[in-house]
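Each chain gets a letter, A, B and so on, in the order the sequences are listed, and its residues count up from 1.
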2 protein chains.
Amino acid sequence: MERVMTTERTTAETLAKTLRDAIIRFSRRVRQARPVGDLTFSQLSALTSLQLAGALTPRELADMERVQPPTMTKIVGKLEERGLVARTPHPTDGRQVILAATDEGRAVYAFNERARNEWLAVELERLTPEERETLARAAEIMQRVARG
Amino acid sequence: MERVMTTERTTAETLAKTLRDAIIRFSRRVRQARPVGDLTFSQLSALTSLQLAGALTPRELADMERVQPPTMTKIVGKLEERGLVARTPHPTDGRQVILAATDEGRAVYAFNERARNEWLAVELERLTPEERETLARAAEIMQRVARG
DNA sequence: CCATGCTCATTAGCTAAGCTAAGGACCGTG
DNA sequence: CACGGTCCTTAGCTTAGCTAATGAGCATGG
């Protein structure tokens, strides 16, 4: 029992390091392939959450995206500058605002949903179906871990 | 054939989005769990590469880490401030320097190799062996994709 | 030996995004 | 009404990503 736990622990630690390294390299590579002017990871992720949820308060969006509210204020500020997100007063609470994707934001979201020229999608296309399946499963596991 | 390719393309695009979302959430979560004062992802990754390679020029390290040289200059500067990395003149080229981990840097690396209290390692320990295997395989695939 | 083109690392300047602390407006409750 | 709590934003700081520029140094050809 002690030996089994030690083995699992060693495996988990090695995996933690391996995963961290892989993610940082992968993320950098994807970022480098992003055309200048396109939305950043954080912006696109926020827009996606907004689109899927319909409308959210900044607090809700920050929680969903796993950042603190001031960070989300900044990200949303950028999206708003680009006309992709709009704010309206909250119906019942004067402290709050409601964020929602604009028509243009929805168009950008839809475009990203089917970005045929995107470097990452092209690279993933070159993997075997098994490898893609592995990545899909890993993504699901990571989302679960991130939710805590 | 056309249908198969369309299916693969759709799958790859969906996977690209899924993977991006998972990675950004996961990365943020791991970052939030990092004790104040610990090395950042980028710093730890650079230190790891240095440790494993023994010694590198800034250019080599930047290439290995997939960033531009000025970025690596900054990251290394931080590591140097903390006494984890040292510079020596290049033996034959006056333009270059050699970077290597210090004794302290090696100790930090070794500590991170077996960080038993690290949040991520603890979380990974709670997964099934199959799930860990999936993540390990995914990490390998991501490294390969990142190398291009 | 000299001129030239190239390479190296760094600095400068900018952007983005992460955090905590603080401030002001607003809400809910006793 | 007073108070405690919540909301979003601003302020201030850090880290890290990029491109452009700079000055030192190297390699090569004449």
Sugar-phosphate only, base, or nothing, as touched by A:T73 at under 4.0 Å among non-hydrogen atoms: base

Starting from the 5' end of DNA chain C, give me the residue, A:V67 or A:T92, whose nearest nucleotide shows up first. A:V67

Taking the side chain of A:P70 as heavy atoms from C-beta outward, which of C:dA9, C:dA12, C:dT20 is closest to it? C:dT20

Choosing from C:dA12, C:dC6, C:dC19, which nucleotide comes nearest the side chain of B:R95? C:dC6

Degree of bending in the helix from C:dC1-D:dG30 to C:dG30-D:dC1 once both end axes are built from five pairs, to 10°: 0°

Quick check: on DNA chain D, is the nucleotide nearest A:R31 upstream (toward 5') of the one nearest B:D93, or the reverse? Name the residue that is more 5'. A:R31

Check whether any side-chain N or O of B:T57 sits under 4.0 Å from OP1 or OP2 of C:dC8, and answer yes or no. no

Below 4.0 Å from chain A heavy atoms, what is the first contacting nucleotide of DNA chain D and what is the last? D:dG5 to D:dC18

Considering heavy-atom distances to DNA chain D, does A:Q96 or B:P69 have its closest nucleotide positioned more toward the 5' end? A:Q96

Given DNA chain C, 5'-ward residue of the pair A:T40 and B:P58, judged by closest heavy atom: B:P58

NA contact type, B:S42, heavy-atom cut-off 4.0 Å: base, sugar-phosphate, or nothing? sugar-phosphate

Base, sugar-phosphate or nothing for B:R34? Non-hydrogen atoms, less than 4.0 Å. nothing

